[in-house]
Amino acid sequence: LDQERPDVAAYRDLASDLRDRVAGRVEFDEYAQVLYSTDGSIYSARPAGVVYPTDVDDVRAAVETATEHGVPILPRGTGSSLAGQTVGPGCVVLDTSRHMDGLLSVDPEARTATVQPGIVQDDLDAELAEYGLKFAPDPASSNRATVGGSIGNNSTGAHAVRYGITDAYTEELKAVLPDGSL
């Protein structure tokens, strides 16, 4: 398929199967492809389409379905990456920033929080402030960067020399593998 303009019809079966299996929105139209073909970098590549998962079950179903069709998955938050990590030709973009953006719990004593991947770092920090806590990595795009994206990129920031990078503050992840297992 032409990377600049993939044929929407070529992905018809994939889109149909995703709509049958995912509760969240599935968009494979030209508008979605163009919207998700860029990020904060100079790079551009049109995806096959976009899935907005509502929960882990949606992520699992989308990953399983894309794998069955031989199409790569590209998890994405808000696309603030400066190096092109959130664009890919002919892939299925999983945008977790729309529905999977919550702070699930905070344990002030242990100084830990459980979050969904689509939570924006500044929003997380605002909620953690009442406990005197903050997520240490401070990328310049923290007002739009998601924690999931920071984990994927192992983000740093201006104060990384003092406070470290994302992996130093990530204790546990729940990840979906290509076969849909956790």
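Note that the coordinates shown come from a computational prediction; the quantities given were computed from them, not determined experimentally. For reference, positions follow the sequence shown, starting with 1.
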Original post:
In chain order, what residues pass the side-chain contact (heavy atoms from CB on, under 4.5 Å) check against Asp55, with sequence neighbours excluded?
Top reply: Asp57, Asp58
**OP:** List the steps, then state whether side-chain contact (heavy atoms from CB on, under 4.5 Å) holds for Val51 with Ile73.
**Re:** CA-CA 10 Å; Val51 173; Ile73 289 283; over 6 Å; no
Original post:
Is any side-chain heavy atom of His99 less than 4.5 Å from a side-chain heavy atom of Gln116?
Top reply: no
Subject >> Contacts of type side-chain contact (heavy atoms from CB on, under 4.5 Å), residue Thr86, not counting sequence neighbours >> reply: Asp39, Arg76, Ser81
Identify every side-chain donor-acceptor pair in residues 19-28 under 3.5 Å, counting partners at least two apart or on other chains, and give the distances.
from, atom 1, to, atom 2, distance (Å)
Arg19, NH2, Val26, O, 3.3
Arg21, NE, Thr65, OG1, 3.4
Arg21, NH1, Thr65, OG1, 2.9
Arg21, NH1, Glu68, OE1, 2.9
Arg21, NH1, Glu68, OE2, 3.4
Arg21, NH2, Glu64, OE1, 3.0
Arg25, NE, Glu27, OE2, 2.5
Arg25, NH2, Glu27, OE2, 3.2
Glu27, OE1, Tyr52, OH, 3.4

**OP:** Quick one: closest heavy-atom pair of Ala48 and Gln33, and the distance?
**Re:** O-NE2, 3.0 Å
Subject >> Side chains of Asp107 and Thr112, donor plus acceptor under 3.5 Å >> reply: no
Original post:
Does one hydrophobic cluster hold both Val92 and Leu74, with members joined at side-chain heavy-atom distances below 4.5 Å?
Top reply: no
**OP:** Side-chain contact test, heavy atoms from C-beta onward, threshold under 4.5 Å: evaluate it for Thr96 versus Pro53 and give yes or no.
**Re:** yes
Could you list the donor-acceptor pairs under 3.5 angstrom formed by side chains in residues 174-182, with sequence neighbours left out?
from, atom 1, to, atom 2, distance (Å)
Asp179, OD1, Ser181, N, 2.9
Asp179, OD1, Ser181, OG, 2.6

**OP:** Answer yes or no: is there a side-chain heavy-atom contact under 4.5 Å between Ser44 and Thr38?
**Re:** yes
Subject >> Gap separating the CG atom of Asp122 from the OG1 atom of Thr146, nearest 0.5 angstrom >> reply: 12.0 Å
Original post:
Residues in side-chain hydrogen bond (donor to acceptor under 3.5 Å, both in side chains) with Thr78, at least two apart?
Top reply: none
**OP:** Would you indicate whether the side-chain heavy atoms of Pro47 and Ser37 approach each other to under 4.5 Å?
**Re:** yes
**OP:** For Gly90 and Pro72, work out which heavy atoms get closest and say how close.
**Re:** O-CD, 4.1 Å
Original post:
Looking at Val120 and Ser142, what are the two nearest heavy atoms and their distance?
Top reply: CG1-O, 3.5 Å
Original post:
Tracing side-chain links under 4.5 Å among I, L, V, M, F, W and Y, which residues wind up in one group with Leu128?
Top reply: Leu103, Val106, Val115, Ile119, Leu124, Tyr131, Leu133, Phe135, Val147, Ile151, Tyr163, Tyr169, Leu173
